[in-house]
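Below you'll find the structure, written out as structure tokens, and then a few comments.
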Amino acid sequence: MNKKIMLVDGNSIVNRAFYGVPLLTNSNGQYTNAIYGFFNILFKLIDEDKPDYLGIAFDLKAPTFRHIKYDGYKGTRKGMPDELAEQMPALKELLSALNIKQYSFEGFEADDILGTLSRIAEENGMETIVVSGDRDLLQIASDKLKVRIPKTKGGKTETEDYYAADVIAKYGVTPSEFIDVKALMGDTSDNIPGVPSIGEKTAVKIIQEFKTVENAIENVDNIKPQKASKNLKEFREQALLSKFLATIVRDVPVELDLEHMPVIGTAISDEAYQLIKKYEFKSMLNRFIVNNKEENQTSKKYKILNSKFEFNDYISGINNGNEVSYILFCENEELVGVSIYYENGGGVFAPIGNEISLESFKKMSKGFFENGEIIKTGHDIKNDISLLRKIGIELKGAAFDTAIAAYILNPTRDTYYCDDIASEFLKLSVKSEEEVLGKGKSKRPLLSLTNDELLEFAAVQAEIISMAKPVMEKQIKDNNQEKLFYEIEMPLLFVLSDMEKYGIKVDKEKLLKYQSMLEAELETITSEIYSLAGEEFNINSPKQLGVILFEKLGLKGSKKTKTGYSTAAEVLEKLKFESPIVEKILYFRQISKLKSTYADGLLNVMNKETEKIYSTFNQTITATGRISSTEPNLQNIPVRLELGRELRKVFIPTNDEFVFLDADYSQIELRVLADMADDETLINAFKEGQDIHRLTASQVLNIPFEDVTSLQRSNAKAVNFGIVYGIGAFSLSQDLGITRKEAEEYIESYFHKYPNIKIYMDTTIKNAKENGYVSTIFGRRRPMPELSSSNFVQRSFGERVAMNMPIQGSAADIIKIAMVKVHDALIKNNLKSRLILQVHDELLIETHKDEIDAVSKLLKENMENAVHLKVPMVADVKIGRSWYETK
DNA sequence: GATCTCACG
DNA sequence: ACGTACGTGAGATCC
């Protein structure tokens, strides 16, 4: 077999790592995030590729031949931040201690060294892998040479991998042509000038036709568009210079020193061990065999409790005031095990189902779980509550949820499993469920594991969350997020739990009728479409539909998606008058959606006995702080179109003794914005209860309030939406069907009239860039690594997110506060009414008929007084015998 | 599993 | 010159 070699661009990877991992320090206050992230990426790639040789190239500080040729080279680049610079020597020291070969060469960049070493390796028949955070390296990809570009996202590393064919597939040019494309379009991050007015699109088109910059210059008169041709003629020298700068040198006088390029094995030097300890990379040590007792006793300290007696002994030894952490394990919604940890008792795992039956588990553990004097740390407590409730246990004393804490500290992760907690807060690497049990079809049952495996995977989890808790507490305190966590999110967990338990009643007969009505309608419209098309096809397949509409019927489609024609409603809407089939397809889509997602979907999840629907409300999903709803999603039940809205008639109170009260916040996001931006005009308008969109129209268009037409008002409404989303002229113009120029004028005029909003948006972005995160009024944070991206699209996205998150997130905070207050007030006053749904700015309460007045009042007051901003909060309460009627 | 489409705030 | 609104979840198709 051919030998494999991995060559890494040290500088670009360490940069990625630095921006992808939050600023961590060890207990001496040394920054370690870039080093930590660097090795995470490196280990992942080594594990995946299993190379035989490894080398890492670094830039030197000295100017390179490119700087000498062109003194603007990389001129726009700012130096490394100090927090990163101080990690560089430490990184190199650790690499040396780990025997990892490092290359650098005066006058050349790491890229050039990689280009050279990889050429030599390839010529010697080696399988070559080049790792870089920079797309520049794509120019050296070949059939045998793979370029890997890693990204760190939410604590996980993902890579994009490119052989030559992948470059062609993605960019439409060969790797070597990639240089020519870059020469034409330039590169702002390296300050490569390129040719004015030629961007990526044009550059690719030109190179696809002419192959090289030189050839394009020779045929410059044949180049279209005119502007590109003219500029290439004028800036030909600059284009050639750019090509020179962009070309990676592949003959640096450096030697490939295979003998000194070992890959990190499992044994490491004492020096390396000491360094890793010093930086507190505990998880890294797990990779290595360390001759050190303290590191090698993980599973020895836990016990499996296999008999009732052992379990009973352990659990009855827990006393009031003990701080205990626990993890429940379940499969198919059935408890199969529990791990528990507390300081004096140590860590245990007890399997449930065999020796310890579910019934005996219940008897023995009830006293523990229901004792509020035993302070518990759990992970996803809301889930535990419902699991325990099924066997007749009411959980009490649950004071700290590590999943929610982890979410508060970083809401952008995809998952918050125990192994995520271990690596993020303890720098400890433990096996994930997927690693231990597998996934999908081949997933093994937990209790098929050996005792040692159970200890290593299951028992450890209780101790993990127990160790993570103080770390999280400190971070929450340091972040000023104590109120957010202890007074909003933790209490909310119990509110959501009650909502899930209570469910919402469905009028089954009515839903069945609705379903068959849609069914009949769908049949009719389907045959009409077939006859208009002249053939039968799958209308639900965008691919087949595209063929019918744009090829067979010859409608002019604007190619939009990666895979073919777009048939989205906004496209079809424009083609409505071209053929009668279009309108029918739009109608088909509407009916089809209502039937499959809503009618069929809701019937599927309805509990047959209670005829209720029990949704799950997720508290750790969104990046902004909103909750989400799944299985089913009750936060997207149709309302905008009447036919869909009819569906709301099937959501009804449990019985005749109850009605629905529904309250929604009026303009909560704009009120939040008015407060945060401290904009006088907006604040006064809200104080006076003015029509805010009408006001915007009169301000922006400079016309009297009374003269605003309904069209002007609705346009202004779109502008207000745009402001909340982080406005862009293009999208606004699309939304309003006006030109981009007009949209720009709207926006400019808006900011002119609301200067503090402009200032607020700008300072929000500026602060976000400085801090690396944005935050809400109540201190909820969202990390914003996108803002330091060199990619225009990503950075712009980051800026819009930075503007939107504090608004959307503060609104989410406010309604969460209101939910806790409303929920607690219902309980405290011994009312029969219950909070059953939240839809972002709306609360639905199933209200007992005797309590209508009391609950209306309580609901309105608690919502309006959840917070006191510079503007009043307004909640409108409606009543109805179904959700439909509460409009 | 990725992609497209569409429902909501 | 770039490609665009922010935040979600679900069903259907197709590879």
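In what follows, chains carry the letters A, B, and so on, assigned in the order in which the sequence lines appear, proteins first and then strands, with residues in each chain numbered from 1. Not measured: the values here are computed from a predicted model. Side chains are part of it too, since the values below use all heavy atoms of this structure and drop only hydrogens, waters and symmetry mates.
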(request) Could you check how far CE of A:M805 sits from C1' of C:dA5, rounded to whole Å? (result) 18 Å

(request) For A:E842 and B:dG9, give me the distance from atom CD to atom P, rounded to whole Å. (result) 7 Å

(request) Give none if B:dT3 has no partner; otherwise give the nucleotide forming a Watson-Crick or G-U wobble pair with it, both distances under 3.5 Å. (result) C:dA12

(request) For the side chain of A:Q590, starting at C-beta, report the closest nucleotide among B:dA7, B:dG9, B:dT5. (result) B:dA7

(request) Could you work out which one of C:dG7, C:dG9, C:dT13 sits closest to the side chain of A:T630? (result) C:dG9

(request) Check whether any side-chain N or O of A:Q544 sits under 4.0 Å from OP1 or OP2 of C:dC14, and answer yes or no. (result) yes

(message) Between the side chains of A:E744 and A:K741, is the shortest nitrogen-to-carboxylate-oxygen separation below 4.0 Å, so that they form an ion pair?
(response) no

(request) Report the distance from atom CG of A:N618 to atom P of C:dG9, rounded to the nearest whole Å. (result) 7 Å

(request) Taking the six-membered ring of A:F730 (Phe, Tyr or Trp), confirm whether the NZ or CZ of A:R740 is under 6.0 Å from its centre and within 45° of its axis. (result) no

(request) Looking only at side-chain atoms of A:F730, point me to the closest of C:dT4, C:dC6, B:dT5. (result) C:dT4

(message) Taking only side-chain N and O atoms of A:T561, does any of them lie within less than 4.0 angstrom of OP1 or OP2 on B:dC4?
(response) yes

(request) Report yes if a donor N or O on one partner sits less than 3.5 Å from an acceptor N or O on the other, where the partners are the side chain of A:R782 and the base of C:dG7; otherwise report no. (result) no

(message) Just N and O in the side chain of A:S628: are any of them under 4.0 Å from OP1 or OP2 of C:dG9?
(response) yes

(request) Let me know the distance between CG of A:D600 and P of C:dG11, rounded to the nearest Å. (result) 9 Å

(message) Quiz question: by atom type and distance under 3.5 Å, do the side chains of A:E669 and A:Q808 form a donor-acceptor pair?
(response) no

(request) Would you mind checking if A:E433 and A:K443 are paired as a salt bridge, meaning a charged N to carboxylate O distance below 4.0 Å? (result) yes

(message) By nearest atom, which of the nucleotides C:dA10, B:dG9, C:dT8 is closest to the A:E631 side chain?
(response) C:dA10

(message) Does this structure show an ion pair linking A:K182 with A:D136, if we count only N-O contacts that are shorter than 4.0 Å?
(response) yes

(request) For A:K182 and C:dA1, give me the distance from atom NZ to atom C1', rounded to whole Å. (result) 16 Å

(message) Suppose we call a contact any N or O donor and acceptor under 3.5 Å apart; does that hold for the side chain of A:Q635 and the base of B:dC8?
(response) no

(request) Report the nucleotide, chosen from C:dG3, B:dT5, C:dA12, that has the shortest atom-to-atom distance to any side-chain atom of A:S596. (result) C:dA12

(message) Counting only side-chain nitrogens and oxygens, does A:K543 get under 4.0 Å of the OP1 or OP2 atom of C:dC15?
(response) yes

(message) Measuring from the side chain of A:K593 (C-beta onward, heavy atoms only), which nucleotide among C:dG7, C:dG11, B:dC6 has the closest atom?
(response) B:dC6

(message) So if I take every side-chain heavy atom of A:V839 and compare against B:dG9, B:dA7, B:dG1, which nucleotide ends up nearest?
(response) B:dG9

(message) Strictly below 4.0 Å: does A:S592 bring a side-chain N or O up to OP1 or OP2 of C:dG11?
(response) no

(message) Please determine whether a side-chain nitrogen or oxygen atom of A:R640 lies at a distance below 4.0 Å from atom OP1 or OP2 of B:dC8.
(response) yes

(message) Given C:dA1, C:dA10, B:dG9, identify the nucleotide with an atom nearest to the side chain of A:K227.
(response) C:dA1

(request) Check whether any side-chain N or O of A:N538 sits under 4.0 Å from OP1 or OP2 of C:dT13, and answer yes or no. (result) yes

(message) So if I take every side-chain heavy atom of A:N804 and compare against C:dC6, B:dG9, C:dC2, which nucleotide ends up nearest?
(response) C:dC6

(message) Both A:P196 and A:Y725 contact DNA chain C. Which one's nearest nucleotide lies toward the 5' end?
(response) A:P196

(request) Both distances under 3.5 Å, Watson-Crick or G-U wobble: report the partner of C:dC2, or none. (result) none

(message) Just the rounded figure in Å: distance from P of C:dG3 to CG of A:D735.
(response) 21 Å

(request) Could you tell me whether the phosphate oxygens of B:dG9, OP1 or OP2, come under 4.0 Å of any side-chain nitrogen or oxygen in A:R626? (result) no

(request) Please confirm whether any donor atom in the side chain of A:N636 sits under 3.5 Å from an acceptor in the base of B:dA7, or the reverse. (result) yes

(message) Taking the nucleotide of DNA chain C with the nearest heavy atom to each, does A:A623 or A:L732 sit closer to the 5' end?
(response) A:L732

(message) Does A:E748 have more than 12 heavy atoms from other residues, nucleotides or ligands lying within 6.0 Å of its CD?
(response) no

(request) Quickly work out the A:R648 CZ to B:dC8 P distance and round it to whole Å. (result) 8 Å

(message) What is the distance, to the nearest angstrom, from the CG atom on A:L545 to the P atom on C:dC14?
(response) 11 Å

